[in-house]
Number of protein chains: 2
Amino acid sequence: MDKSICPRFDKAMSLISQRWIGLIIYQLLSGPQRFCNIEAAIGVSGKVLSERLKDLENEGIVKREIYPETPVRIEYSLTDKGLAFEPVLRDIENWSQSWLEAESQ
Amino acid sequence: MDKSICPRFDKAMSLISQRWIGLIIYQLLSGPQRFCNIEAAIGVSGKVLSERLKDLENEGIVKREIYPETPVRIEYSLTDKGLAFEPVLRDIENWSQSWLEAESQ
DNA sequence: TAAAATAACTTACATAAAGTAACTAACTGA
DNA sequence: TCAGTTAGTTACTTTATGTAAGTTATTTTA
């Protein structure tokens with residue numbers, strides 16, 4: 001058990017290797033939005049989405065804001081820490097455009 | 001179910017959101033190496049490592065080469081497609097240095 | 001020559017994570 | 001009052017991952 005890898009890098013990797021985390025942040029790059037919007041846009045179940053949003057909020061990556069309108073509006077948005085993740089997602093986007101086929105079986 | 005996201009990006013995201021995939025590619029960035037070396041360096045179990053290496057080989061990201069020496073040497077290395085993934089991992093590295101704490105409990 | 005070691009896996013079993021679908025609570029408009 | 005919307009939660013099933021031991025081939029050591 002070497003574990004020669006940096007614990008911070010290791011933690012970042014565990015973060016994005018949680019299913020849906022990347023797509024949630026990517027979706028929030030297009031601006032603050034509601035729970036049901038994220039759910040519909042990326043096709044995640046409500047159960048997992050609420051778990052992930054809680055995790056991301058605890059990590060300081062996502063901010064949850066309640067607007068006491070009628071009906072109540074709850075908006076999720078990226079913090080600076082979350083916005084700083086954009087280059088990662090852009091690189092993944094670029095890589096996927098260059099190296100993955102448009103058609104998959 | 002909008003599913004407005006690009007299927008190629010979606011596929012790339014499913015790839016890196018598989019546990020260990022990122023760390024395996026990262027580890028291979030330091031050069032071709034053997035199974036047991038990757039296993040020790042990142043702390044993944046042999047079972048999952050062999051699954052992941054097969055997946056990565058099928059995706060054309062990793063190359064497996066057998067050197068019929070004594071004892072036989074099997075080396076895993078990155079293809080061009082795999083090497084092209086480097087910027088993603090460097091960005092994650094940078095992000096983790098800037099935004100994650102050195103100490104975690 | 002037999003026993004122990006190493007590399008590269010695989011198998012069996014246990015636990016954790018994710019998916020599915022239905023349910024809740026608060027409100028609103030018809 | 002009934003159906004609809006938002007933001008979730010709960011119960012249950014399926015899939016993924018972890019752990020530890022076993023396998024095959026070869027090689028080194030006693």
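A, B, ... follow the sequence lines: proteins, then strands. Residue 1 opens every chain.
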Would you say [X] places a side-chain N or O within less than 4.0 Å of OP1 or OP2 belonging to [N]?
{"X": "A:Ser50", "N": "D:dT9", "result": "yes"}
{"X": "B:Trp20", "N": "D:dG18", "result": "yes"}
{"X": "A:Arg64", "N": "D:dG8", "result": "yes"}
{"X": "B:Tyr76", "N": "C:dC9", "result": "yes"}
{"X": "A:Arg34", "N": "D:dA7", "result": "yes"}

>> Count I, L, V, M, F, W, Y as connected when their side-chain heavy atoms are under 4.5 Å apart, and connections chain through other members. Are A:Ile66 and A:Leu56 then in the same cluster?
In response: yes
Can you measure [X] atom [atom1] to [N] atom [atom2] for me and round it to whole angstrom units?
{"X": "A:Ile42", "N": "C:dG19", "atom1": "CD1", "atom2": "P", "value": "10 Å"}
{"X": "A:Leu49", "N": "D:dG8", "atom1": "CG", "atom2": "P", "value": "9 Å"}
{"X": "B:Ile66", "N": "C:dA7", "atom1": "CD1", "atom2": "P", "value": "17 Å"}
{"X": "B:Glu51", "N": "D:dG18", "atom1": "CD", "atom2": "C1'", "value": "11 Å"}
{"X": "A:Tyr67", "N": "C:dC27", "atom1": "OH", "atom2": "C1'", "value": "20 Å"}
{"X": "A:Ile38", "N": "D:dT6", "atom1": "CD1", "atom2": "P", "value": "13 Å"}
{"X": "B:Asp55", "N": "C:dC9", "atom1": "CG", "atom2": "P", "value": "14 Å"}
{"X": "A:Ile74", "N": "D:dT5", "atom1": "CD1", "atom2": "P", "value": "18 Å"}

>> To the closest 0.5 Å, what do you measure between CZ (B:Phe85) and CG (A:Asn94)?
In response: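 If we round to the nearest 0.5 Å, B:Phe85:CZ and A:Asn94:CG are 11.5 Å apart.
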>> Reading DNA chain D from 5' onward, which residue's closest nucleotide shows up sooner: A:Gly46 or A:Arg19?
In response: A:Gly46
>> I want to check something: taking the side chain as every heavy atom from C-beta on, are B:Glu51 and B:Lys54 in contact at a cut-off of under 4.5 Å?
In response: no
> Can you name the nearest heavy-atom pair linking A:Leu23 to B:Met13, along with the distance?
Replying inline: CD2-CG, 3.9 Å
>> Let's test your reading of the model: under 3.5 Å, does the base of D:dG18 pair with the side chain of B:Lys47 as donor and acceptor?
In response: yes
>> For B:Glu59, is there an ion pair with B:Lys11 - N to carboxylate O distance below 4.0 angstrom?
In response: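 Yes.
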